[in-house]
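Below is one structure, written out as structure tokens; the observations come after it.
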Amino acid sequence: MRSLCFHSKSPSFAAYSSSPSRPSSVSFPTPRRVPVKNFTDAMIEDIIGNAAVLVMKWNPETSTYAKVTSLFYESKKEARQFIRCVTELQKAMHFLVSEDPTSEKIVHSQSLMEIAMKRLQKEFYQILSMNRAHLDPESISTRSRSSVTSARSSTSDYDDGGATTDDDVRFAGESISEVEHVSSIAMADLKSIAECMISSGYAKECVHIYKIIRKSIIDEGMYKLGVERLSSSQIHKMDREVLDLRIRSWLNAVKMSISTLFDGERILCDHVFASSASIRESCFTHISREAATLLFGFPQVLVAKSKKSSSSLDVFRLLDMYTSISERWPEIDSIFSFESTAAVRSQALNSLIKLSESVRSMLSDFESTIQKDSSKSVSPGGGVHDLTLRVMNYLSLLTDYSNVLVDIVTDWPPPAKSSLPESYFDGPHSEDGPAPVISLRMAWLLLVLLCKLDDKAKHYKDASLSYLFLANNLQHMISKVRTSNLQYLLGEDWISKHERKVRQFAENYEGLAWGKVFASLPENPTAEISPEEARLIFRNFNFSFEEAHRKQRTSVVPDRKLGEEMQVSIAKKLVSAYREFYDAHRLTVGGGRNVALYVRFAPEDVENHLSDLFFGTIDLDGSSQYSSSHRRSSLRL
């Protein structure tokens with residue numbers, strides 16, 4: 001379905017041809033000076049005579065047939081002859097002026113020329129207005145500029161006689177659609193008429209019609225794309241949902257207008273007025289500048305909102321807008337390359353600057369939000385904190401825009417290390433030189449989060465849970481880094497350093513949570529000891545193991561791999577040592593009831609209890625990572 005295909009009815013030709021207000025700001029080119037060649041009187045008579053027959057045939061003021069019939073639609077061959085006659089008449093007039101300026105033939109020729117120009121003016125209008133659907137920017141822009149060039153080279157030489165036939169616009173070995181075929185013929189006809197009128201000194205009349213009709217198409221296209229003039233006060237009053245719809249509509253408008261609307265108009269303008277650079281520039285500027293400036297001005301109006309209402313803006317939407325312009329900048333710069341369209345390029349660049357400033361401001365606010373988080377709530381079982389989830393989701397999404405963020409933060413001063421120890425700032429580095437600003441900025445934000453998590457860890461009454469909390473949260477950060485573009489910004493060094501920290505936090509947790517259980521067993525489990533000593537060791541083990549298991553049974557490790565490594569580490573230190581002691585001394589404590597009284601856990605029981613550790617080893621959405629039978633099998637040593 002064509003989104004930019006227009007069929008609205010155009011005003012009558014009289015509204016254009018009789019308009020008293022003609023463009024006056026354009027410096028039209030001097031009519032092309034035709035080299036004066038020698039003409040005999042007979043040749044001049046033939047030229048004027050042939051021109052008179054054809055021109056008067058198509059004079060709408062003296063012929064009802066000519067008034068209701070289009071020359072270019074009725075007969076391409078006759079249209080070609082008409083252009084050729086006008087061209088030859090102009091050459092003859094130049095010769096007469098140079099040889100006999102008072103000749104009556106000049107007056108007659110000039111009269112015929114005026115009638116011919118009115119005819120061509122009418123034809124020009126009819127082709128433009130009747131082919132709105134075929135000359136809409138989308139139809140034109142589907143043809144590459146190389147295709148347009150091919151069309152130009154394959155059409156007949158208009159200097160030798162102008163209008164084109166159907167075969168003239170078919171490309172060698174290429175099959176084109178019906179719409180493209182019709183638009184190619186129309187474009188070639190418009191070009192032949194424009195060149196004839198410009199070379200004859202009637203550029204103003206030709207340009208006047210072209211500007212009005214084509215500008216109406218651009219304006220209608222922008223309206224259909226939802227582009228309209230909005231003030232800052234109007235935007236301030238919009239709900240977040242409405243504003244989001246406006247931004248999405250604008251993003252689509254930029255895509256469509258650059259790829260079809262303005263691009264197609266530039267192609268058409270360059271083609272029709274190929275003979276005059278100044279007219280090409282004048283027409284395209286008049287047609288597109290106002291609409292393009294309005295389009296690219298929206299981001300600047302949007303971010304000019306008051307600080308109070310800035311919460312309704314989404315940094316990701318602003319980055320979408322920045323990306324939309326920056327990725328299309330080569331096309332924007334090419335389409336609006338004229339000096340007179342510099343205002344369009346400036347507006348697009350100004351919007352990029354304003355969007356950059358807003359994004360940097362929002363990133364600063366985001367950092368401030370992390371630092372000001374004063375919640376004293378802790379995650380049950382030492383799990384991942386909500387702040388960690390929010391920050392890492394935000395940053396991982398943010399790095400999807402790494403290509404534009406690099407530009408946005410390039411001139412942004414890197415964060416200060418403040419009074420933190422040097423070892424805290426584990427930013428990325430490279431052997432080739434300092435890390436990019438965007439990498440330092442991301443490393444800094446993660447550091448700010450880690451410092452805040454250090455503060456939150458102090459709120460646990462159980463010191464072992466503080467370390468488990470730090471291990472879980474840092475592990476989640478690393479996982480997010482590895483599965484997003486953060487891995488490319490921070491590098492493997494950052495990941496490796498923080499993985500070592502996770503292992504250190506896990507070891508600290510293990511020592512604090514299970515150290516008494518480890519210490520309850522002798523260094524040499526199989527050494528000979530008295531029954532009393534064996535009973536005492538079993539009693540101490542029972543008490544310390546039960547106490548540790550009771551405290552740690554609600555602990556969680558959301559990361560499957562980390563949870564499994566911690567279980568295996570505890571089991572290695574505990575199960576094998578207890579099994580050796582159990583096998584060597586179980587029978588020395590006495591028989592019957594004495595065994596049950598002192599020996600409360602078999603090695604398999606210890607394994608089973610440990611397999612239930614970190615039962616909170618679940619995904620953050622609550623689904624179990626792996627079964628208890630799998631955990632038990634992984635603990636068997």
Side-chain angles (χ1 to χ4, degrees), residues 11-34 47-48 51-52 54-62 66-67 70-72 79-97 105-129 158-163 186-215 268-269 271-284 286-287:
S12 66
F13 169 67
Y16 298 100
S17 61
S18 61
S19 174
S21 60
R22 298 287 178 85
S24 57
S25 60
V26 183
S27 177
F28 292 104
T30 301
R32 184 174 54 191
R33 186 160 187 84
V34 181
I47 291 172
I48 296 177
L54 199 53
V55 169
M56 294 310 295
K57 175 183 176 181
W58 290 99
N59 183 359
E61 295 182 2
T62 60
K67 184 179 293 187
S70 168
L71 167 61
F72 278 74
R80 182 191 298 271
Q81 292 173 346
F82 191 97
I83 294 290
R84 185 181 295 114
C85 282
V86 172
T87 302
E88 290 299 316
L89 182 62
Q90 183 192 21
K91 294 177 181 178
M93 289 174 67
H94 275 281
F95 175 78
L96 288 172
V97 169
K105 293 178 182 178
I106 295 178
V107 177
H108 186 202
S109 298
Q110 182 60 36
S111 176
L112 290 174
M113 183 63 75
E114 290 179 359
I115 296 172
M117 289 300 109
K118 286 184 180 180
R119 178 76 248 179
L120 291 179
Q121 188 178 356
K122 181 180 178 69
E123 293 292 327
F124 195 74
Y125 162 80
Q126 287 179 330
I127 295 171
L128 281 173
S129 59
Y158 292 112
D159 288 339
D160 292 334
M187 289 172 68
D189 288 345
L190 289 171
K191 180 183 178 183
S192 69
I193 295 173
E195 290 186 345
C196 184
M197 292 185 71
I198 291 170
S199 65
S200 300
Y202 287 79
K204 183 183 293 186
E205 289 76 5
C206 176
V207 167
H208 178 61
I209 292 175
Y210 187 89
K211 285 182 176 180
I212 294 177
I213 292 182
R214 296 309 300 179
K215 189 175 189 304
L268 180 63
C269 203
H271 183 74
V272 172
F273 299 109
S275 63
S276 173
S278 62
I279 291 181
R280 287 201 304 273
E281 178 173 355
S282 168
C283 286
F284 182 73
H286 177 85
I287 292 166

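Annotation: side chain of Phe284 is not in contact with side chain of Arg214 (no heavy-atom distance under 4.5 Å). The shortest distance between side-chain heavy atoms of Gln121 and Ile193 does not fall below 4.5 Å. Considering only heavy atoms from C-beta on, Ile212 stays 4.5 Å or farther from Tyr125 through its side chain. Between Arg119 and Val55 there is no side-chain heavy-atom pair separated by less than 4.5 Å. Side-chain contact between Cys196 and Gln90 is absent, with no heavy-atom pair separated by less than 4.5 Å. In this structure the side chain of Met113 reaches within 4.5 angstrom of the side chain of Met93, judged on heavy atoms. When side chains are defined from C-beta on, Leu120 counts as touching Ile83, because their heavy atoms get closer than 4.5 Å.
Taken to the nearest 0.5 Å, the NZ atom of Lys211 stands 6.0 Å off from the NE2 atom of His286. The distance from atom CD1 of Ile106 to atom NE2 of His94, rounded to the nearest 0.5 Å, is 11.0 Å. To the nearest 0.5 angstrom, Ile198 atom CD1 is 4.0 Å from Ser275 atom OG. Note that CD1 of Ile48 is 7.5 Å distant from CG of Leu112, once rounded to the nearest 0.5 Å. Atom CD1 of Ile47 and atom CG of Leu96 lie 9.0 Å apart (nearest 0.5 Å). Taking CD1 of Ile209 as the reference point, atom CG of Leu128 lies at 8.0 Å (rounded to 0.5 Å).
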Query raised in the report: Would Phe124 and Ile213 satisfy side chain to side chain contact (heavy atoms under 4.5 Å, CB included), going step by step from the backbone distance to the final call?
Result: CA-CA 11 Å; Phe124 195 74; Ile213 292 182; over 6 Å; no
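For Lys57, the side-chain hydrogen bond (donor to acceptor under 3.5 Å, both in side chains) partners two or more places apart in sequence, or in a different chain, are Glu78. Here Phe82 pairs with nothing under the ring-ring contact (aromatic ring centres under 6.0 Å, His included) rule; sequence neighbours left out. Qualifying ring-ring contact (aromatic ring centres under 6.0 Å, His included) partners for Tyr210, counting only residues two or more places apart in sequence or in other chains: Phe273.
Using modelled atom types, one side-chain atom of Arg280 and one backbone atom of Ala274 make a donor-acceptor pair closer than 3.5 Å. Without hydrogens or angle criteria, Glu123 side chain to Phe72 main chain gives a donor-acceptor distance under 3.5 Å. A donor-acceptor pair is defined here as one N or O able to donate and one able to accept, closer than 3.5 Å; no such pair exists between the side chain of Gln126 and the backbone of Ser70. In this structure a side-chain-to-backbone donor-acceptor pair under 3.5 Å is missing from Ser282 to Ser278.
What you find for Ala51 and Cys85 is that their closest heavy atoms are CA-CB, 4.3 Å. Counting all heavy atoms, side chain and backbone alike, Met187 lies closest to Leu268 at CG-CD1, 3.5 Å.
The pair Glu88-Arg84 does not count as a salt bridge, with every side-chain nitrogen at least 4.0 angstrom from each carboxylate oxygen.
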